[in-house]
Amino acid sequence: ESEADAHDEL
Amino acid sequence: MNIFRILGDISHLISILILIHAVSTTKSAQGISLKTQAAYVVVFVSRYLDLFFRYVSLYNTLMKLFFIVSSIYVVFLLNRYKKNSEKTNDIFPVWYLFGGAFVFALIFNYEFSIVEILWSFSLWLESVAIIPQLVVLQRTGEAQLLTTHYIFALGLYRALYIPNWIYRYYTEGRMDKIAVISGILQTIVYSDFFYIYYKKVVKNLKFKLP
């Protein structure tokens, strides 16, 4: 999983 | 999700509820920067484009929708109660913030794609979006208590994200450099306000206790 795929915050 | 992240999100949510409450009960937009609020609409819309193609959780989706809808509603309210005759203190050249955030987004991003550049742009813009509001506060001199509570809760949210990131780094080995650095910048922008808030509000409240 790349950093771009990991946006899970608001 | 850890406690810092939840408290941060709650603080963010509360700040918006305070703002909506303050503007609708006083039926006045005085002391609130329309430029800052318009910037938040841009922040949320550009950051949450992933609503269309990435599902994280129900919580995540609902919060994103809340932030988009509530920020648009706030701008709508401010326009409704804005009096054109009033001398405006909302004078900060906000386009500098937009331009600066865009340049930073072009330099710092995880992928040179429209979605990722807009995501990065939203973080940089958010980190400085409060500045027009702080200028209004400074020029007005005295602010309504609710306005200061609003700014405090809003600043607290990103400050609480910092221990959240430290926690995530140690438990998940995860570190979102762009979010962390812009988040620290955002907290620094608030630091002067936090200090004044502490001096004025916290100490006064204590002082009034019997």
Side-chain angles (χ1 to χ4, degrees), chain A, chain B residues 1-2 4-6 8-13 16 43-44 47-51 53-57 59-68 108-120 122-123 126 157-158 160-162 164-165 167-168 172-180 182-183:
Chain A
E1 186 176 34
S2 79
E3 271 166 319
D5 292 328
H7 302 321
D8 62 352
E9 289 178 343
L10 301 161
Chain B
M1 276 217 295
N2 59 67
F4 306 111
R5 165 81 197 279
I6 294 171
D9 287 348
I10 291 174
S11 168
H12 194 183
L13 200 81
I16 293 169
V43 164
F44 295 133
R47 184 177 310 164
Y48 300 153
L49 286 174
D50 66 353
L51 275 171
F53 59 86
R54 181 191 293 129
Y55 179 78
V56 178
S57 64
Y59 170 84
N60 196 280
T61 303
L62 290 178
M63 290 294 260
K64 284 174 174 170
L65 289 173
F66 172 81
F67 289 128
I68 293 174
F108 307 104
N109 55 68
Y110 293 131
E111 204 181 275
F112 206 77
S113 66
I114 291 173
V115 169
E116 279 305 307
I117 288 170
L118 283 176
W119 178 84
S120 176
S122 81
L123 287 182
E126 184 191 358
Y157 129 73
R158 215 57 179 175
L160 281 166
Y161 262 53
I162 295 174
N164 156 60
W165 291 321
Y167 180 88
R168 292 191 77 171
E172 301 166 34
R174 182 184 178 284
M175 166 92 130
D176 186 333
K177 290 185 207 72
I178 296 174
V180 170
S182 64

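Just so it is clear: chains get the letters A, B, ... in the order the sequence lines come, proteins before strands, and each one is counted from 1.
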Measure distances from [X] to the heavy atoms of chain A and classify the residue's part below 4.5 Å as side chain, backbone, both or neither.
| X | result |
| --- | --- |
| Asp9(B) | side chain |
| Phe53(B) | neither |
| Tyr48(B) | side chain |

### Query
Just how far is it from atom CZ of Arg5(B) to atom CG of Leu10(A), taken to the nearest 0.5 Å?
5.0 Å
### Task
Report the option among Arg47(B), Met1(B), Arg168(B), His12(B) that has the most heavy-atom pairs separated by less than 4.5 Å from atoms of chain A.
Arg168(B)
### Task
Using the test side-chain hydrogen bond (donor to acceptor under 3.5 Å, both in side chains), find all partners of Asn164(B) that sit at least two apart in sequence or belong to another chain.
Glu9(A), Asn2(B)
### Query
CZ of Phe66(B): more than 12 outside heavy atoms within 6.0 angstrom?
yes
### Task
Might you confirm whether atom CG of Leu62(B) has over 12 heavy atoms from other residues, nucleotides or ligands at distances under 6.0 Å?
yes
### Task
Kindly say whether Val56(B) contributes a backbone atom to a donor-acceptor pair with the side chain of Asp8(A) at under 3.5 angstrom?
no
### Message
Within the 4.5 Å heavy-atom criterion, are Val115(B) and His7(A) side-chain neighbours or not?
### Response
no
